[in-house]
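Any value given below was found using the heavy atoms of this structure, including those in side chains, with hydrogens, waters and symmetry copies removed.
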Amino acid sequence: MPHVITQSCCSDGSCVYACPVNCIHPSPDEPGFATAEMLYIDPVACVDCGACVSACPVGAIAADTKLTERQLPFVELNAAFYPPREGKLPPTSKLAPVIEAPVVHARSSGPLRVAIVGSGPAAMYAADELLTQRGVRVSVFEKLPTPYGLVRAGVAPDHQSTKRVTRLFDRIAHRPEFSFYLNCEVGSDLTHDELLEHHHAVLYAVGAPSDRRLDVDGMGLPGTATATEVVAWINGHPEFTELPVDLSGERVIIVGNGNVALDVARILTTDPDVLARTDIADHALAALRNSKVQEVVIAARRGPAASAFTLPELIGLTSTCEVVLDIADHDLVIRDLANEADPLTRNKLEILAKLGDAATPSSRPRIRLAYHLTPKRILGESTTTGVEFTLTGTDESRTLAAGLVLTSIGYRGKPIRGLPFDEVTAVVPNDGGRVIDPGSSQPVRGSYVAGWIKRGPTGFIGTNKSCAAQTVHNLVADYNDGLLTEPVHKAASLDRFVRGRKPSVIDAAGWKAIDEAEIAHGGGMRPRDKFTGVAEMLEVAATAPQPPVHRRLLAGLRH
């Protein structure tokens, strides 16, 4: 096989459009794309041109001759997606259809101005889609001093290849029609209505920042937290640097077995010397060096066939960590394997069936996958001492001791001031990204959503590309149809208005100063050494050189 997609695939579809022979599937026009765990290269159809390698924003594609030992399972995984054809080439008469960029009808009154709230993948893909056209200006507002959302604060530090997508985002942010307003919170420093006075439309791409909470007695005791909070702590998110993460016990329990649970378990059991070569926060690395944790139990309510983690993440976990099963859980895997018809699930079960026995002593920290455990209550009085489970579907109890209990049962969106919100689905009601007033079933003027706040917490980084494209197409159509009100204020007044409200706002130059300082502090041994405090970020951003007065005036006229 000439080229192979590996576990760090982000599924944004760029490789599909770059491929001249249509050998990468599922493509964005195919039904399975939205729910695919990754994309797959057809070993028969691939012509070894390498176009997909340069198109991939996260470096997830490599020639089969350049794979590491840990990546070798992906050769078979890519091939297994395609049915046997006895050596015959598949039809490759056309590329996957590329969605045409929305054409903006120019107006004499000036450019289409769009405010985007949030700076994660959905926000940056939306900005990219808008800026394919002339006569568009984009202003991105982010409450943190640094951009890129979960790519910076939610991707595990040992997954550096996934973080490479920020290089694409940096290229978008360097466009002259793009402006950053970091360290500026919409809803607090500025209001929705004020943004609309300066823009034709406001597009919210704020994700689903809250965790779904486990509703059992004892949650909230010292020694309990969520896995996403711990990931943010590991990554140096300034709001989580003081999170009390107690690693003095020998066991950690994670309730839920999605990809985030696997990320946390992997970090907690990885050699700190390995993590020291990543962009992990210094405080987290110090805590891990002193950790006493010997086992991380990932507990799931349902059986092995219903495991929430993806196949690529499982392959990555088992190739780097010691992962084990109890005998009873191994028997469940064998039973499920005998009854499972879905090829993807069978692949997961076949890997699980080969895991070691938890009864075998280990000389290194390990991960144990556990099934059919429903949490009943968190044990302990002044601090967490463990979890009492019931065997799912029975009254039989199981107790596991632990000094730290984390939950990883999903994300939930938060209401946005000034917009409707569906408390049941935890998204902003919308039709293709157009915010809809539930009372009248009519669009809310100038208001749009993209990403998880639009569709719920589903998909991967790249899934936001097609999601954002749909929203942008509808936004531009509304603009062209005259449905968006002209801004009250001139474009040049925005910067002055924002700085008047938030003098410590950080622009693109300030972010560049922070970015370069973090990379420099890495000393070539680490990708970067992150700042974790807002005050130090502001101090570094203030050192950014300001453009000459005449350039600032020209920029104001241009915007």
Exercise. Check the angle between the aromatic planes of Y411 and W452 and answer parallel, tilted or perpendicular using the 30° and 60° thresholds.
Key: tilted
Exercise. Give a yes or no on whether R412 atom CZ has more than 12 heavy-atom contacts from other residues, nucleotides or ligands under 6.0 Å away.
Key: yes
Quiz item: Hey, are the side chains of V58 and C56 touching, using non-hydrogen atoms and a 4.5 Å cut-off?
Solution: yes
Exercise. For side chain to side chain donor-acceptor pair (under 3.5 Å), just list the numbers for R107 and N480, CA-CA rounded to whole Å, side-chain angles, deciding distance to a tenth of an Å, and then say yes or no.
Key: CA-CA 9 Å; R107 295 182 184 175; N480 290 339; over 6 Å; no
Quiz prompt | Polar contact flag, side-chain donor to acceptor under 3.5 angstrom, T278-D158 | solution = no
Self-check item: Check: G432 main-chain N/O paired with N474 side-chain donor or acceptor under 3.5 Å
Solution: yes
Quiz prompt | Between S447 and H192: side-chain donor-acceptor atoms closer than 3.5 Å | solution = yes
Quiz prompt | From CA spacing to verdict: side chain to side chain contact (heavy atoms under 4.5 Å, CB included), L419, Y204 | solution = CA-CA 10 Å; L419 295 185; Y204 288 86; 3.6 Å; yes
Quiz prompt | Side-chain donor/acceptor of H199 to backbone N/O of A201, under 3.5 Å | solution = no
Quiz item: Does a side-chain heavy-atom distance below 4.5 Å link T6 with I61?
Solution: no
Quiz item: K66 and Q71: side-chain donor and acceptor closer than 3.5 Å?
Solution: no
Exercise. For the pair F33 and H25, evaluate ring pair (Phe, Tyr, Trp, His ring centres under 6.0 Å) and give the outcome as yes or no after the intermediate values.
Key: CA-CA 8 Å; F33 179 79; H25 297 274; over 10 Å; no
Quiz item: Just how far is it from atom CD1 of I267 to atom CD1 of I234, taken to the nearest 0.5 Å?
Solution: 5.5 Å
Quiz item: Per the ring-ring contact (aromatic ring centres under 6.0 Å, His included) rule, which among F178, Y125, F180 passes with F169?
Solution: Y125
Quiz item: Can you tell me how far the OG1 atom of T226 sits from the CH2 atom of W233, to the nearest 0.5 Å?
Solution: 13.0 Å
Quiz item: So, Q470 side chain and S466 main chain: donor-acceptor pair closer than 3.5 Å or not?
Solution: no
Quiz item: Is any side-chain heavy atom of V449 closer than 4.5 Å to a side-chain heavy atom of T471?
Solution: no
Quiz item: With side chains defined as the heavy atoms from C-beta onward, is the minimum distance between T407 and D211 less than 4.5 Å?
Solution: no
Self-check item: Full working for side chain to side chain contact (heavy atoms under 4.5 Å, CB included) between N183 and L538
Solution: CA-CA 9 Å; N183 196 43; L538 292 176; 3.5 Å; yes
Practice problem: Considering non-hydrogen atoms only, spot the tightest contact between A45 and C23 and give its length. | Solution: CB-CB, 3.6 Å
Quiz item: Is any side-chain heavy atom of I116 closer than 4.5 Å to a side-chain heavy atom of V138?
Solution: yes
Quiz item: Hey, does the side chain of S119 reach the backbone of Y148 with a donor-acceptor pair shorter than 3.5 angstrom?
Solution: yes
Quiz item: Say you draw a straight line from CZ of F497 to CZ of R499; how long is it, rounded to the nearest 0.5 Å?
Solution: 13.5 Å
Quiz item: According to the interplanar angle, ranging from 0 to 90°, do the rings of F81 and Y40 count as parallel (below 30°), tilted (30 to 60°) or perpendicular (above 60°)?
Solution: parallel
Quiz item: Heavy atoms, side chains only, cut-off 4.5 Å: are D64 and H3 in contact?
Solution: no
Quiz prompt | Separation between CG of L243 and NE2 of H283, rounded to the nearest 0.5 Å | solution = 8.5 Å
Practice problem: Give a yes or no on this: more than 12 heavy atoms of other residues, nucleotides or ligands lie within 6.0 Å of atom CD of E242. | Solution: no
Quiz item: Is there a donor-acceptor pair closer than 3.5 Å between any side-chain N or O of R501 and the backbone N or O of D189?
Solution: yes
Exercise. Please test E239 against K143 for salt bridge (charged side-chain N to carboxylate O under 4.0 Å, His left out), starting from the C-alpha separation and ending with a verdict.
Key: CA-CA 11 Å; E239 294 177 1; K143 70 174 184 176; 3.6 Å; yes
Quiz prompt | Donor-acceptor contact below 3.5 Å, side chain R113 vs main chain H198 | solution = yes
Practice problem: Can you establish whether the number of heavy atoms outside E30 located under 6.0 Å from its atom CD is more than 12? | Solution: yes
Quiz item: Would you find a donor on one side and an acceptor on the other, under 3.5 Å apart, between the side chain of R164 and the backbone of R167?
Solution: no
Self-check item: Donor + acceptor pair across side chains of T146, R152 (<3.5 Å)
Solution: yes
Self-check item: Residues Y448 and N430: side-chain donor-acceptor under 3.5 angstrom
Solution: no
Quiz prompt | side chain to side chain contact (heavy atoms under 4.5 Å, CB included) evaluation trace for L130 with V476 | solution = CA-CA 8 Å; L130 283 162; V476 171; 4.2 Å; yes
Self-check item: K512 atom NZ, over 12 foreign heavy atoms within 6.0 Å
Solution: no
Exercise. Determine yes or no for a side-chain-to-main-chain donor-acceptor pair under 3.5 angstrom, with D437 supplying the side chain and V444 the backbone.
Key: no
Quiz item: Just checking, is any N or O donor in the side chain of N235 or K163 under 3.5 Å from an acceptor N or O on the other one?
Solution: yes
Quiz item: So do the side chains of E177 and V136 get within less than 4.5 Å of each other, counting heavy atoms only?
Solution: no
Quiz item: Can any side-chain N or O of S493 pair as donor or acceptor with the backbone N or O of K490 at less than 3.5 Å?
Solution: yes
Quiz item: Under 4.0 Å between a Lys/Arg side-chain N and an Asp/Glu carboxylate O for E229 and R213?
Solution: yes
Practice problem: Please confirm whether H105 and Y479 have ring centers closer than 6.0 angstrom. | Solution: no
Quiz item: Rounded to the nearest 0.5 Å, what separation is found between the CD1 atom of I41 and the CD1 atom of I24?
Solution: 4.5 Å
Exercise. Please tell me if the side chains of R445 and L196 come closer than 4.5 Å, counting only heavy atoms from C-beta onward.
Key: yes
Self-check item: From K414 atom NZ to S210 atom OG, the distance as rounded to the nearest 0.5 Å
Solution: 5.0 Å
Self-check item: Cationic N near anionic O, under 4.0 Å, D478 to R434
Solution: yes
Practice problem: Decide side chain to side chain contact (heavy atoms under 4.5 Å, CB included) for V264 and T228; before the verdict, give the C-alpha distance in whole Å, the side-chain angles of both, and the deciding distance to 0.1 Å. | Solution: CA-CA 8 Å; V264 173; T228 47; over 6 Å; no
Exercise. Would you check if the side chain of R175 reaches a backbone N or O of L131 as a donor-acceptor pair within less than 3.5 Å?
Key: yes
Self-check item: Closest non-hydrogen atom pair between I409 and R212, with its separation
Solution: O-NH1, 3.1 Å
Practice problem: Check A468 against A122 and note the closest heavy-atom contact, atom names and distance. | Solution: CB-O, 3.7 Å
